[in-house]
Amino acid sequence: MWGISAAWRSSALFGLAALVSVGLSGCGDIDDALFGGPSSAPEAGAAPEAAAPGAPAGDNGEAAAAPGNEAGTLPSQNPAASSAAPSAIGVQPVQIEPGSDTGTTVSHSVAELRNAVSALEDRLVADSSHLAELKGQAAQSASDYHEAKAHITTHLQLGTTRGNPQLVAEWNNGQTALDTLTANINAMNALGIEIANDSSRAHYTLSTIEATFNVSGAVDEDHRQLHVLQDETEQTIVLIDRVMMDVSNAVQRQTAFVANERANLATLAAAIKNGELYGAELGSGMTMPMASPPGYGELPSGAPLVNIRFDRAHVDYQQTLYTALAQALQSRPGASFDIVAVSPTRGSASAVQLAQTEAQRHASDVLRSMTDMGVPGNRLGISSTTDPSVSSTEVRVYVR
């Protein structure tokens, strides 16, 4: 039927950076509508009357800026904010058992495969550490944003002047923090592409290991080492897919957060201009809560919108998926979708577990493809189940 290629996954997976730059760049237009146009950013040593682009204007219609570090000026940095950063993600690498050279051609192939798996383990640890660093940076930026937002709302709640320059400065700090978060999302997208490529390499290595069992001229020790290396590679694939899912979830969460807070920041800009807190932010209701996806072992009722069978190496399903989604959203603009990973139950326990992992990886790819196609993340649910009647892994997309 349809399929995914490594090239598509590398280009479409975590391609949300482009979507973020389009969907989150409208804050300046909102500022123009509220304040009559952006002002130029202040240069180093410029007079304090100049304000950053998009900042709320004062009563005289000109952009206002925060004064120097005077008494009563609101603090813009929180020295203890870094404590909110999450601890490093600990990925315990798989210990690759060293093997002995039996002198056969197969033994040389096993040594090359072992080196390939060891290299994947090294990259996995490095990518996990990089992800932890990006999450820490995101936590710091989110803390800076919430601090600035809290200072603004507190002063507006207590009562303040129209176009208060101190609140304008805090508004600029909040906008800078959201810009930093957007750059963080782009970095996570790039990391996700690297991990997706490693996942493809790991699956290719596993296929090569399985094919090496059929090569003639091996001794019993060669096959013993191949069995050990096969188990180690399968464990490595599970770890890679776990980190890849962690990156995907982080990208979706931060994208939704930044999009929502851009709207909230525009509301605060108007409130600063008038010196009055408007109450509930209009942006807070922009993201709908995601309906609960079906639990494990359950399938949504009705026929699937799309059923993608991954029965070969390269399945090209994107165009068919896009057409089906476009038709569904045309008839039901508010539709949500359930993505269900379906795996067979044939073979040994380890084969069943590997099939489940593979199905979940394919489902994650489909989810990211749908996000790249413009489907909001809060309209997507993902789950997994098994089906003894299928011979290969499938991903089924249901409309709800």
Side-chain angles (χ1 to χ4, degrees), residues 3-15 89 91-99 106-132 134 187-215 225-248 250-251 310-318 341 343 350-351 353-369 372 392-393 395:
I4 182 168
S5 62
W8 166 267
R9 182 167 57 239
S10 298
S11 60
L13 176 63
F14 305 101
I89 301 173
V91 171
Q92 184 67 31
V94 178
Q95 297 298 322
I96 307 301
E97 177 182 309
V106 174
S107 179
H108 296 161
S109 299
V110 173
E112 293 176 357
L113 291 170
R114 186 180 297 111
N115 290 336
V117 176
S118 297
L120 287 171
E121 286 291 330
D122 293 339
R123 285 196 293 269
L124 174 63
V125 173
D127 290 340
S128 177
S129 177
H130 189 195
L131 176 59
L134 290 175
M188 283 193 179
N189 274 316
L191 176 61
I193 293 175
E194 295 178 5
I195 298 174
N197 291 335
D198 286 341
S199 178
S200 297
R201 295 188 189 98
H203 281 84
Y204 175 78
T205 302
L206 180 61
S207 299
T208 306
I209 292 172
E210 294 171 347
T212 306
F213 280 105
N214 298 323
V215 177
Q225 293 184 31
L226 277 174
H227 280 297
V228 172
L229 190 58
Q230 182 182 32
D231 292 340
E232 294 167 347
T233 306
E234 290 177 352
Q235 296 175 45
T236 301
I237 290 174
V238 171
L239 291 177
I240 292 175
D241 289 347
R242 185 177 302 165
V243 176
M244 186 164 59
M245 178 65 74
D246 196 3
V247 174
S248 177
V251 168
F310 293 89
D311 53 359
R312 56 184 181 276
H314 303 292
V315 186
D316 185 12
Y317 63 84
Q318 285 78 23
S343 57
S350 60
Q353 179 63 41
L354 187 60
Q356 291 176 355
T357 301
E358 182 182 3
Q360 292 169 1
R361 179 173 60 86
H362 288 317
S364 299
D365 291 340
V366 172
L367 184 145
R368 284 186 287 270
S369 296
D372 293 340
S392 58
T393 59
V395 175

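Throughout, numbering of the chain's residues begins at 1 and tracks the sequence. Values below: every heavy atom of this structure, side chains too, minus hydrogens, waters and symmetry copies.
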Got a second to check how far [X]'s [atom1] is from [Y]'s [atom2], nearest 0.5 Å?
X    : Y    : atom1 : atom2 : result
N189 : S248 : CG    : OG    : 9.5 Å
Q356 : Q360 : CD    : CD    : 6.5 Å
Q318 : S369 : CD    : OG    : 5.0 Å
T212 : L226 : OG1   : CG    : 6.0 Å
M188 : H130 : CE    : NE2   : 8.5 Å
I237 : T357 : CD1   : OG1   : 8.5 Å

Nearest heavy-atom pair of [X] and [Y]: which atoms, and what distance?
X    : Y    : value
L229 : V117 : CD1-CG2, 4.0 Å
V395 : A363 : CG2-N, 3.6 Å
V243 : L124 : CG2-CD1, 3.8 Å

Under the rule for side chain to side chain contact (heavy atoms under 4.5 Å, CB included), what residues qualify as partners of S207, not counting sequence neighbours?
none
With A359 via side chain to side chain contact (heavy atoms under 4.5 Å, CB included) - residues at least two apart:
A341, S343, T393
Partners meeting salt bridge (charged side-chain N to carboxylate O under 4.0 Å, His left out) with [X] (sequence neighbours left out):
X    : answer
E97  : R224
R123 : D198
D127 : none

What pairs of residues pass the side-chain hydrogen bond (donor to acceptor under 3.5 Å, both in side chains) test when at least one of them lies in residues 109-119, not counting sequence neighbours?
R114-Q225
So the side-chain hydrogen bond (donor to acceptor under 3.5 Å, both in side chains) pairs with at least one residue in residues 232-243 (sequence neighbours excluded) are E121-T236, S199-D241
Taking it one step at a time, do L206 and L354 satisfy side chain to side chain contact (heavy atoms under 4.5 Å, CB included)?
CA-CA 11 Å; L206 180 61; L354 187 60; 3.8 Å; yes
Can you list the residues that meet the side-chain hydrogen bond (donor to acceptor under 3.5 Å, both in side chains) rule with H203, with sequence neighbours excluded?
R361
Who pairs with H227 by ring-ring contact (aromatic ring centres under 6.0 Å, His included), at least two apart in sequence or on another chain?
F213
